[in-house]
Amino acid sequence: MRCPARTAGAVAAFAAITLASISTVPAQAAVALPALNVDTSQTTVSGLSSGGFMANQLGYAYSGTFKGVGVFAGGPYMCAGHSNYTACMYNASISPSMLSTMQADLNNWSGSLNDALANVASQKIFLFVGTSDYTVGPNPMNAVNTQYGNNGVPAGNLSYVQRASTAHVFPTDFAGTGDNACNSSSSPYIANCGYDGAKAALTQFYGTLAARNDSPAAANYIEFDQTAYSNGNPGMAATGWLYVPAECAAGTHCKLHVALHGCQQNYATIGDKFLKNTGYTRWADTNHIIVLFPQTKVDSTSHSTSASGSLGNPNGCWDWIGWYGSDFARKSGTQMAALKAMVDHVASGSGSGGGGGGALPAPTGVATSNATNTSMSIAWGAVTGAAGYRVFRGGALVSGSGLVTGTSYSDTGLTAATTYSWTVAAVDASNVQGAMSAAASGTTTGAAATCTTASNYAHVSAGRAHQSGGYALANGSNQNMGLWNVFVTTTLKNTAPNYYVIGTCP
């Protein structure tokens with residue numbers, strides 16, 4: 001991923017991005033950013049490239065808010081505030097005198113234009129760069145590492161990973177659709193490098209994680225209105241994205257992580273690849289972590305910058321150069337303040353504050369019984385002080401918006417011959433959810449569902465689906481399978497007579 005191009009021709013080339021192959025999460029209308037129950041002592045941020053520079057800026061400027069900072073192939077704080085941006089990337093060496101000038105800003109702004117610099121020493125820091133990254137490169141990242149050490153971050157709180165044969169990419173350990181090769185700095189700048197970057201960063205911040213969910217629910221991705229926070233900034237998109245695990249949506253006290261894409265990685269350019277292919281949501285889904293994915297947009301208008309002359313922002317980078325004001329790296333910076341306002345709003349829900357969850361303990365004795373082809377009974381022991389309970393299947397709330405007032409629940413609409421897992425949480429009179437129970441599993445009775453993989457045209461011809469408006473719809477569930485033609489292939493699961501869903505059989 002490139003930051004500002006070196007030549008006008010390069011700018012034009014980068015701006016001419018085709019969107020024909022963009023994959024997206026299901027389209028939905030942008031909504032207001034929700035206010036959720038957030039553990040404000042566990043707010044963290046990370047980003048790649050320009051997002052890494054921005055994560056670094058946020059961590060220093062709002063050191064009282066961000067308890068962990070992850071920088072994937074970024075550079076030190078205020079580097080481009082004093083030097084042409086090219087001196088801060090392309091594997092340029094950053095001299096001790098340059099770092100000294102940047103440090104003077106940190107010292108002078110501490111406690112006034114920024115939060116107290118002393119807070120940085122207690123942050124958890126994760127740094128990553130590929131040794132084959134020539135877009136930013138190891139030298140600027142070495143300077144980031146040095147800068148954190150100069151500001152009191154102990155070795156035990158700082159993890160610095162340099163990965164061989166890795167280019168300018170966000171590293172994963174799975175093959176995401178449309179990703180580039182690990183040794184290639186090309187769109188979408190996400191690659192299977194045999195290294196789980198999201199896990200490494202989140203583990204540095206939060207400790208050992210529960211196993212990830214490789215199929216996070218599409219309904220958990222929320223497109224929200226960013227205009228309420230961006231103050232008309234020409235480099236920020238009208239909408240952003242938020243991933244909210246079902247338990248967090250239901251009121252569980254959850255952590256908040258801000259994941260910042262890099263240049264040429266916003267939703268308008270690569271679709272949902274940064275949201276889904278980086279792996280953040282896979283770990284968030286099972287570890288009570290809300291993930292905020294703010295979005296930039298292309299801005300080809302030329303702006304005066306702090307030390308790089310007049311430049312446009314045709315690649316939709318976060319502002320680490322000063323396109324939108326000389327205060328770009330301070331709390332008052334337009335984009336900085338916008339991101340902080342989003343964080344504050346998400347963390348303004350009932351129950352938010354420091355600490356590790358609601359006061360009520362986890363229900364004990366959770367067990368399943370009375371299995372049928374389509375239902376299962378779940379029961380548990382009472383929790384003193386509980387106003388009611390919430391029941392979750394596979395991490396998704398199934399007991400509805402109201403509370404279960406007893407100590408049992410009948411879950412219906414299940415698939416025959418399928419094993420499920422349930423957990424239960426108590427909720428107090430203030431609607432604050434307590435700790436989650438251990439899981440209890442159970443298997444429904446009956447015969448296993450059958451699956452058929454075929455073209456959408458063949459599914460309609462065989463009576464497994466029907467067509468409407470040029471789209472194939474699964475019989476029974478009415479799920480949209482895509483275009484009704486011989487080119488789109490779908491797997492349909494038959495879960496009841498003439499009832500099909502999109503899915504696979506175990």
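For the numbers below, each heavy atom of this structure counts, side chains included, while hydrogens, waters and symmetry mates do not.
Checking N220 against Y243 by side-chain atom types alone, a donor-acceptor pair falls below 3.5 Å. At a cut-off of 3.5 Å, with distance as the only test, a side-chain donor of Y221 or T281 sits close to an acceptor on the other residue. With 3.5 Å as the limit, one finds a donor-acceptor pair spanning the side chains of S375 and T372. Between Q123 and N157, the side chains place no donor N or O within less than 3.5 Å of an acceptor N or O (distance only, hydrogens not considered). Using modelled atom types, one finds no donor on one side chain facing an acceptor on the other under 3.5 Å when comparing N373 with T444. Residues D39 and H288 have side chains that never bring a donor and an acceptor to within less than 3.5 angstrom of each other. In this model, no donor atom of one side chain and acceptor atom of the other lie less than 3.5 Å apart for T172 and N192. Between the side chains of N266 and T269, at least one donor N or O lies within less than 3.5 Å of an accepting N or O.
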Checklist entry - When you look at F128 and Y195, which way does the ring pair (Phe, Tyr, Trp, His ring centres under 6.0 Å) test go after all the steps? => result CA-CA 11 Å; F128 178 94; Y195 182 83; 5.4 Å; yes
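Every residue was checked against the side chain to side chain contact (heavy atoms under 4.5 Å, CB included) condition with A228, not counting sequence neighbours, and none meets it. With sequence neighbours excluded, the residues forming a ring pair (Phe, Tyr, Trp, His ring centres under 6.0 Å) with Y77 are Y60, listed by chain and number. By the side-chain hydrogen bond (donor to acceptor under 3.5 Å, both in side chains) test, T452 is found to be paired with no residue, residues two or more places apart in sequence or in another chain being considered. Take S377 and apply the side chain to side chain contact (heavy atoms under 4.5 Å, CB included) test, not counting sequence neighbours, and it matches S369, N370. Annotation: ring pair (Phe, Tyr, Trp, His ring centres under 6.0 Å) contacts of Y62 (sequence neighbours excluded): none. Contacts of S159 classified as side chain to side chain contact (heavy atoms under 4.5 Å, CB included), with partners at least two apart in sequence or in another chain: F126, V161, Q204. In this view, T368 and M376, I378, W422, A440 satisfy the side chain to side chain contact (heavy atoms under 4.5 Å, CB included) rule, not counting sequence neighbours. D225 meets the salt bridge (charged side-chain N to carboxylate O under 4.0 Å, His left out) test with no other residue; sequence neighbours excluded. For Y280, the ring pair (Phe, Tyr, Trp, His ring centres under 6.0 Å) partners two or more places apart in sequence, or in a different chain, are F170, H257.
Rounded to the nearest 0.5 Å, atoms OG1 (T239) and CD1 (I222) are 13.0 Å apart. For the atom pair I190 CD1 and T177 OG1, the distance stands at 11.0 Å (nearest 0.5 Å). Of the inter-residue distances, the one linking Q265 atom CD with L275 atom CG reads 11.0 Å to the nearest 0.5 angstrom. Distance CG/N233 to NZ/K297: 8.5 Å, rounded to 0.5 Å.
In plain terms, the two heavy atoms of A211 and T286 that are nearest each other are O-OG1, 2.8 Å. A210 and W283 get closest at one heavy-atom pair: O-CZ3, 3.2 Å.
Identified under the disulfide bond (SG atoms under 2.5 Å apart) test for residues 196-252, with sequence neighbours left out: C248-C254. Legend: salt bridge (charged side-chain N to carboxylate O under 4.0 Å, His left out) pairs involving residues 207-220, not counting sequence neighbours, sorted by first then second residue: D173-R212, D196-R212, R212-D214, D214-R282. Among residues at least two apart or in separate chains, there is no salt bridge (charged side-chain N to carboxylate O under 4.0 Å, His left out) pair with a member in residues 429-439.
Between F224 and Y229, the ring planes are perpendicular. Angles over 60° get that label, and only those under 30° would be called parallel.
A cation-pi arrangement is present between R393 and Y420, with the terminal nitrogen or guanidinium carbon under 6.0 Å from the aromatic centre and inside a 45° cone about the axis. Relative to the six-membered ring of F205, K67 misses at least one condition, a distance below 6.0 Å or an angle of at most 45° to the axis.
The backbone N or O of A472 sits nowhere less than 3.5 Å from a side-chain atom of Q467 that would complete a donor-acceptor pair.
Between W484 and H459, the ring center distance fails the sub-6.0 Å criterion. Aromatic ring centroids of F53 and W320 lie under 6.0 Å apart.
With salt bridges taken as basic N to acidic carboxylate O contacts below 4.0 Å, one links K331 and D115.
Atom NZ of K124 has 12 or fewer heavy atoms from other residues, nucleotides or ligands within 6.0 Å.
Residues Y409 and Y389 have side chains not in contact (no heavy-atom distance under 4.5 Å, counting atoms from C-beta outward). In this structure the side chain of M342 reaches within 4.5 angstrom of the side chain of L33, judged on heavy atoms.
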